[in-house]
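Everything below concerns the one structure shown next.
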Amino acid sequence: RKANDRAEQSLEESRRLQRQVSAILESISDAFVAVDSEWHIVYANQRFSELVEQHTFSVRGAYLWDLLPADHNRELMRMVSAVMAEQKAV
């Protein structure tokens with residue numbers, strides 16, 4: 001019983017923190033996107049979704065480079081690849 005209560009409390013705390021992080025990321029006026037190691041989007045804020053003219057729910061799981069204009073991809077890919085290699089935010 002106690003283990004179940006702790007698990008439920010932990011799950012609720014995790015959900016609360018998720019909501020808090022999401023609220024912070026949504027409050028950013030710049031486009032924000034997080035990708036996995038294969039460039040699939042795991043999180044995008046509303047501003048990013050507006051930038052690529054897609055609904056927020058439809059960009060999650062999408063391949064980042066498929067959503068960005070081709071004329072911007074080369075420079076952006078160079079810059080973002082360096083960020084991915086160094087594991088540092090810009």
Side-chain angles (χ1 to χ4, degrees):
R1 169 100 182 155
K2 286 184 182 183
N4 266 352
D5 290 345
R6 281 190 300 246
E8 286 180 32
Q9 288 174 341
S10 180
L11 183 58
E12 184 54 40
E13 177 67 7
S14 177
R15 287 180 182 148
R16 186 188 68 74
L17 290 172
Q18 241 178 348
R19 288 190 302 270
Q20 186 176 16
V21 168
S22 182
I24 292 167
L25 294 175
E26 289 301 326
S27 72
I28 298 171
S29 59
D30 293 328
F32 177 87
V33 64
V35 297
D36 65 16
S37 61
E38 296 177 355
W39 302 105
H40 291 101
I41 297 171
V42 294
Y43 183 87
N45 69 0
Q46 183 63 37
R47 179 65 188 117
F48 178 83
S49 297
E50 292 166 0
L51 183 71
V52 297
E53 300 176 343
Q54 301 282 326
H55 292 285
T56 303
F57 64 86
S58 68
V59 299
R60 290 193 183 121
Y63 184 62
L64 175 66
W65 305 112
D66 288 343
L67 296 177
L68 299 174
D71 56 332
H72 296 322
N73 277 358
R74 184 170 299 174
E75 178 61 21
L76 186 60
M77 186 177 255
R78 182 193 64 75
M79 186 173 43
V80 176
S81 293
V83 168
M84 184 76 86
E86 296 172 20
Q87 293 292 300
K88 293 183 182 175
V90 291

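No path of Ile, Leu, Val, Met, Phe, Trp and Tyr side chains, each step under 4.5 Å between heavy atoms, connects V59 with L25, placing them in separate hydrophobic clusters.
For the atom pair OG of S22 and CD of Q46, the computed distance is 10.5 Å after rounding to the nearest 0.5 Å. If you take CG on N4 and CZ on R6, they are separated by 9.5 Å, rounding to the nearest 0.5 Å. Distance check, rounded to the nearest 0.5 Å: CD of Q20 to CZ of R16 gives 5.5 Å.
Within the 4.5 Å cutoff, the side chain of V42 has no heavy atoms near those of the V35 side chain.
The backbone N or O of L67 sits nowhere less than 3.5 Å from a side-chain atom of Q54 that would complete a donor-acceptor pair. In this structure a side-chain-to-backbone donor-acceptor pair under 3.5 Å is missing from N45 to A31.
With respect to the salt-bridge test (charged N to carboxylate O, under 4.0 angstrom), the residues E8 and K2 do not qualify.
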Verify salt bridge (Lys or Arg N to Asp or Glu O under 4.0 Å) between R19 and E12, making sure each step is shown before the conclusion. CA-CA 11 Å; R19 288 190 302 270; E12 184 54 40; 3.5 Å; yes

Does F48 form a side-chain contact (heavy atoms from CB on, under 4.5 Å) with I41? I'd like the steps, not just the answer. CA-CA 11 Å; F48 178 83; I41 297 171; 3.9 Å; yes

The test is side-chain contact (heavy atoms from CB on, under 4.5 Å); show your working for V33 and Y43 and say whether it passes. CA-CA 6 Å; V33 64; Y43 183 87; over 6 Å; no

Before giving the answer on side-chain contact (heavy atoms from CB on, under 4.5 Å), spell out for E26 and F32 the whole-Å C-alpha distance, their side-chain angles and the decisive distance to 0.1 Å. CA-CA 8 Å; E26 289 301 326; F32 177 87; over 6 Å; no

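Taking both residues in full, the closest heavy atoms of H55 and S49 are given as C-OG, 4.1 Å, listed atom of the first, atom of the second, then distance.
Applying the salt bridge (charged side-chain N to carboxylate O under 4.0 Å, His left out) test to residues at least two apart or on different chains, the pairs with a partner in residues 36-56 are R47-E50.
Counting heavy-atom neighbours within 6.0 Å of H40 NE2, excluding the residue itself, gives a total above 12.
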